[in-house]
Amino acid sequence: MRKIFACIIILSIILLIFDCIPVVADEDVETPDPPTIEWDSDYSSSATSQKVTMYAEKPDGAYKLEYVLFANDVKQTKVTTSESCSFYSLDEQQEVWGYVVALDKNNNRSERSELVSEYIGKKSKSTKKVDTPEEPEIEWVDANKSKNNNQKVKVSAEIPEGAKYLRYFLICDGDIRSSSKTTSESYTFSGVDYNQMVVAYVKAYDSSGNDSYQSETVTLYIGDDGEVSTPAKPQVRWIDYGYNSPYGQVVEVSAEIPSDANRLKYFIIANGTMVSSELTTSTRYTFYNIKDDQMVTAFVKAYDKWDNESDESERTTIYIPKRSTGQQSSSSSQTTPSQTGGQTSQQPTGRISNAARGISIRDFQLPPRKINASFHFEDVPAEDKELHEALQYLYSTGIYDGAFQRNFYPNKSMSRIDFLNALIRATGMDSTTIKYISHYKDVKPDYLYHNNILLASEKRIMNGYSDHTFRPDGALTYGAAAKAVAVAFEMRRYSSQGESLIDDFQQDYLDVLVSSGILSNKPDSTATVITRGEATRLLYRILKLKINQ
């Protein structure tokens, strides 16, 4: 008996431990395209056994699809790896609606696709005892945009002759909501999210509880009207960086953001093609690698927070003159100041590769180095020369921030925000021009590293958890660290046949880093916490591909 109790206690402890492990949603999954829905009109002559099939394509990186169908006044859900899914036992003479959600191998979920619909016609000779009500009217009665999840939708309908009650249905927020049976000829749904399409219909009932077919459905978009003011004509300025500039010639475009917008996108026509910036809150954007002796044209478009866009602004054109002396630097090399003095040295552009490790990363500019050879931590063993060297470099260049302390604590966990901040400094990414809007409950606008977190989410370097938290002070996992460096440095690895060995999953990134020697320890799983020492080695070994170039 004691053994049985002991086993129960041990099992309870194990289950408790697993229950406490957070479910990490550190991967962004692409939103799938809207599905198609087909009614199988030849499936059955039974009024209660109709069949519809939904078809959808899995986005890149997705493993499964979740099919959601609103039919028979309920929400039905099926998850499968197949790109088609059938639903059975559906009533005739109703409009059914559906959407899909994509899931990756770690069960990270995408946003919902758009809603689509299909009408199931009449198949049997049987009829309902209650007349079907006419199509209802739908009205958005609370347009207060500051209350994102508290919009109100009013649905109105007439009770058919012979019926006593109505029941109102609303498909919204990815679910279906309904009223109770009521004698009222209108019903208001509250707590509806902003910026979505909603669908409404009604059914009638007699005093005996018999129901009608559903009415025709009506739709309404709860959101902005989509109109954004066109920005004024931008100003364009040529910045002469000289013949040997690694940036080519430079063109700066400046524009004002209209009052009903919050971001701009800059466009430039140069070098025989059109290119654009990312969406940005900045009123100035710089384009590099522009050739001389050509006309350059620029314009801008404005966007609001719901991604509605304006028309193009008027265009501004300037001429970049032909240089009379000197030569532009070639596309295969660039001149940059040496890290050890005022001399210049040739540094190759493009990708940096390390054949021994079988990986390549994008080129980047290293921070200036002034290494302090006496720099050391007392709790880092003297024989661990690599970690000493890594810490000297990372602190001397400012990649690792903070006041110097006597101990580094290499065996403690690395926090997510400390690693992210170091990665942003190492790659030189700019967190001042971001379009990502935070949905993290634990990252307030006044948080010191707020912009870095939004930049990481926007670039898909490091995302949050399924409960809409980022947990900046939480422990970094091997999987999140591997993905972060791989995405930030655009890491690539190919087989001898030229096939990519990296898919968009944490485990793929981790396997490549371990097999190539960038990571020295093979963790039990992607969820294993990485230590400060091992995270430091990981970052430094990536940087050494550039340092030793």
Side-chain angles (χ1 to χ4, degrees), residues 246-247 282 286 288 334 336-345 347 352 361-380 384-410 412-434 443 446-459 461-462 470 472-473 476 480-481 484-491 518 530-549:
Y247 312 108
S282 175
T286 303
Y288 298 90
Q334 67 183 28
T336 58
S338 168
Q339 303 292 346
T340 56
Q343 303 295 321
T344 60
S345 60
Q347 300 282 356
I352 306 170
I361 60 174
R362 72 171 175 84
D363 199 1
F364 57 95
Q365 185 70 40
L366 285 172
R369 287 180 291 164
K370 293 181 180 180
I371 304 300
N372 181 356
S374 62
F375 188 96
H376 71 281
F377 288 95
E378 293 183 358
D379 61 348
V380 177
D384 195 343
K385 295 181 179 180
E386 181 190 44
L387 188 53
H388 272 292
E389 178 183 298
L391 291 170
Q392 286 177 357
Y393 178 80
L394 294 173
Y395 272 98
S396 297
T397 57
I399 294 174
Y400 271 11
D401 195 15
F404 172 71
Q405 299 178 358
R406 302 175 69 90
N407 294 306
F408 179 69
Y409 305 105
K412 286 191 174 182
S413 62
M414 170 67 82
S415 75
R416 288 163 55 83
I417 192 62
D418 283 349
F419 190 75
L420 174 60
N421 289 341
L423 196 57
I424 289 175
R425 297 186 194 106
T427 55
M429 288 184 287
D430 183 8
S431 64
T432 62
T433 57
I434 49 177
V443 181
D446 59 352
Y447 179 60
L448 180 60
Y449 303 115
H450 174 265
N451 278 17
N452 283 2
I453 291 174
L454 299 195
L455 173 67
S457 296
E458 179 178 295
K459 301 295 185 182
I461 294 170
M462 187 184 292
F470 188 84
D473 296 320
L476 181 73
V485 297
V487 174
F489 288 108
E490 298 175 13
M491 189 177 70
I518 297 296
I530 191 170
T531 65
R532 289 165 57 82
E534 189 68 1
T536 299
R537 296 181 206 276
L538 166 62
L539 183 57
Y540 184 57
R541 287 171 184 172
I542 291 286
L543 295 176
K544 282 184 70 175
L545 295 179
K546 174 75 174 183
I547 295 170
N548 295 334
Q549 187 183 28

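All values below come from the heavy atoms of this structure, side chains included, with hydrogens, waters and symmetry mates left out. In this chain, residues are counted from 1 in sequence order.
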How far apart are the C-alpha atoms of Phe419 and Val485, what are their side-chain angles, what is the distance that settles it, and do they pass the side-chain contact (heavy atoms from CB on, under 4.5 Å) test? CA-CA 10 Å; Phe419 190 75; Val485 297; 3.6 Å; yes
Go through Tyr449 and Phe470 one step at a time and tell me if the ring-ring contact (aromatic ring centres under 6.0 Å, His included) criterion holds. CA-CA 12 Å; Tyr449 303 115; Phe470 188 84; over 10 Å; no
Is there a salt bridge (Lys or Arg N to Asp or Glu O under 4.0 Å) between Asp384 and Arg537? Walk through the geometry before answering.
CA-CA 11 Å; Asp384 195 343; Arg537 296 181 206 276; 2.5 Å; yes
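Thr531 and Tyr409 share no side-chain donor-acceptor pair at under 3.5 Å. For the residue pair Tyr540 / Glu386, no side-chain donor-acceptor distance below 3.5 Å is found, with atom types taken as modelled.
Here Ile530 contributes atom CD1 and Arg416 contributes atom CZ; the two are 13.0 Å apart, rounded to the nearest 0.5 Å. Here Asn452 contributes atom CG and Leu420 contributes atom CG; the two are 5.5 Å apart, rounded to the nearest 0.5 Å. Of the inter-residue distances, the one linking Met414 atom CE with Leu539 atom CG reads 8.0 Å to the nearest 0.5 angstrom.
Counting only heavy atoms from C-beta outward, the side chains of Lys385 and Val380 never approach each other to under 4.5 Å. At a threshold of 4.5 Å between non-hydrogen side-chain atoms, the residues Tyr447 and Ile417 count as touching.
Looking at Arg532, its side chain never comes within 3.5 Å of a backbone N or O of Pro410 through a donor-acceptor pair.
Taking the six-membered ring where tryptophan is involved, the planes of Tyr395 and Phe408 are perpendicular, since the angle between them exceeds 60° and thus also 30°.
Under the rule for a side chain to side chain donor-acceptor pair (under 3.5 Å), the partners of Ser415 that lie at least two apart in sequence or sit in another chain are Asp418.
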